[in-house]
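I have placed the structure first, in the form of structure tokens, so that the comments after it can refer back to it.
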Amino acid sequence: MAIDKIQSESINLADNFAFTGTVSGAGESNTPYFTAYNSGNQTGFSNDTITVMAMNTALQNASEYNTSNYRFTPQTAGKFYLWNVVHLVSLDNTGFTAVCQIRKNGSAIANTYPAISTEGMSERFRQCSVSTACVESANGSSDYFDFTFGLAVSSGSNYYLGTGSRTGGFLLKT
């Protein structure tokens, strides 16, 4: 027996239902999505300067993360979950302060600022991973997000962004 119309008073929401057709409007696909990384270390950035992470390899469902300018420009309007993991390495026996940022249209919307001391530590321990995440709205084609880092060292100049660094994001809700 087919049911043409169900009224809300007659459904017991505690029951289990087996659907054999297509159910629409029951969720979203969370696309677009991406994660990006650099297969090598990022060097050549300046001390005490905010630098865009050069994540030149992307795993994504569309081409909305640009591996040339390192920006995520979602073509879908909605709310996005965005994250950033920065793996910093200092080869000098000093301390440093790191910053990990997510920016929307060039302005910071999420920041993390840890201070790390590597004095007296062996070289293999002079590194840290810093992360930040946020939920942010995008209007579709004109908003963009980029992912940045900065490092302020007390002395020395031997530092780099390590291969464990990654960025990513996905659509939560349209």
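Since the structure is predicted, the reported quantities are computational estimates derived from the model, not experimental observations. Side chains included, hydrogens not; waters and symmetry mates left out as well; all remaining heavy atoms used. We're numbering straight along the sequence, starting at 1.
Applying the salt bridge (Lys or Arg N to Asp or Glu O under 4.0 Å) test to every pair with at least one member in residues 32-45, sequence neighbours left out, gives no pairs at all.
Here Arg103 pairs with Asp146 under the salt bridge (charged side-chain N to carboxylate O under 4.0 Å, His left out) rule; sequence neighbours left out. Residues satisfying the side chain to side chain contact (heavy atoms under 4.5 Å, CB included) test with Asp48, not counting sequence neighbours, are Ala152. Every residue meeting the ring pair (Phe, Tyr, Trp, His ring centres under 6.0 Å) condition with Tyr65, not counting sequence neighbours, appears here in chain and number order: Phe34.
Both Tyr81 and Tyr33 are assigned to one and the same hydrophobic cluster, defined by single-linkage of ILVMFWY side chains at heavy-atom distances under 4.5 Å. By the rule that hydrophobic residues join a cluster once side-chain heavy atoms approach within less than 4.5 Å of another member, Leu88 and Val52 end up as members of one cluster. A continuous path of ILVMFWY side-chain contacts below 4.5 Å connects Phe72 to Ile109, so both sit in one hydrophobic cluster.
A donor-acceptor pair under 3.5 Å links the side-chain atoms of Thr112 to the main chain of Ser131, judged by distance alone. Using modelled atom types, one side-chain atom of Lys104 and one backbone atom of Ser137 make a donor-acceptor pair closer than 3.5 Å.
Counting all heavy atoms, side chain and backbone alike, Ser46 lies closest to Tyr159 at C-OH, 3.9 Å. Scanning both residues, Pro32 and Asn61, for their nearest heavy atoms gives CA-OD1, 3.3 Å. Of all the heavy atoms in Phe147 and Trp83, the pair that sits closest is CE2-O, 3.5 Å. Nearest approach of Gly106 to Tyr144, heavy atoms of both residues: N-OH, 3.3 Å.
Between Phe149 atom CZ and Asn84 atom CG the span is 10.0 Å, to the nearest 0.5 Å. Atoms CG and CE, on Asn66 and Met55 in that order, are 14.0 Å from each other to the nearest 0.5 Å. Atoms OG and CD, on Ser141 and Glu64 in that order, are 10.5 Å from each other to the nearest 0.5 Å. Between Phe145 atom CZ and Phe80 atom CZ the span is 7.0 Å, to the nearest 0.5 Å. Interatomic distance, Leu151 CG to Asn47 CG, rounded to the nearest 0.5 Å: 6.5 Å.
Tested against Tyr70 for a side chain to side chain contact (heavy atoms under 4.5 Å, CB included), the candidates Asn38, Thr148, Asn56 yield a single pass: Asn56. Partner of Cys100 under the side chain to side chain contact (heavy atoms under 4.5 Å, CB included) criterion, out of Asn111, Val86, Val85: Val86 alone.
Cluster partners of Ile50, using a side-chain heavy-atom cutoff of under 4.5 Å among ILVMFWY residues and allowing indirect links, are Val99, Tyr113.
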Could you tabulate the donor-acceptor pairs under 3.5 Å formed by side-chain atoms of residues 163-172, not counting sequence neighbours?
from   : atom 1 : to     : atom 2 : distance (Å)
Ser165 : OG     : His87  : N      : 2.9
Ser165 : OG     : Gly162 : O      : 3.0

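Within the 4.5 Å cutoff, the side chain of Thr51 has heavy atoms near those of the Gln42 side chain.
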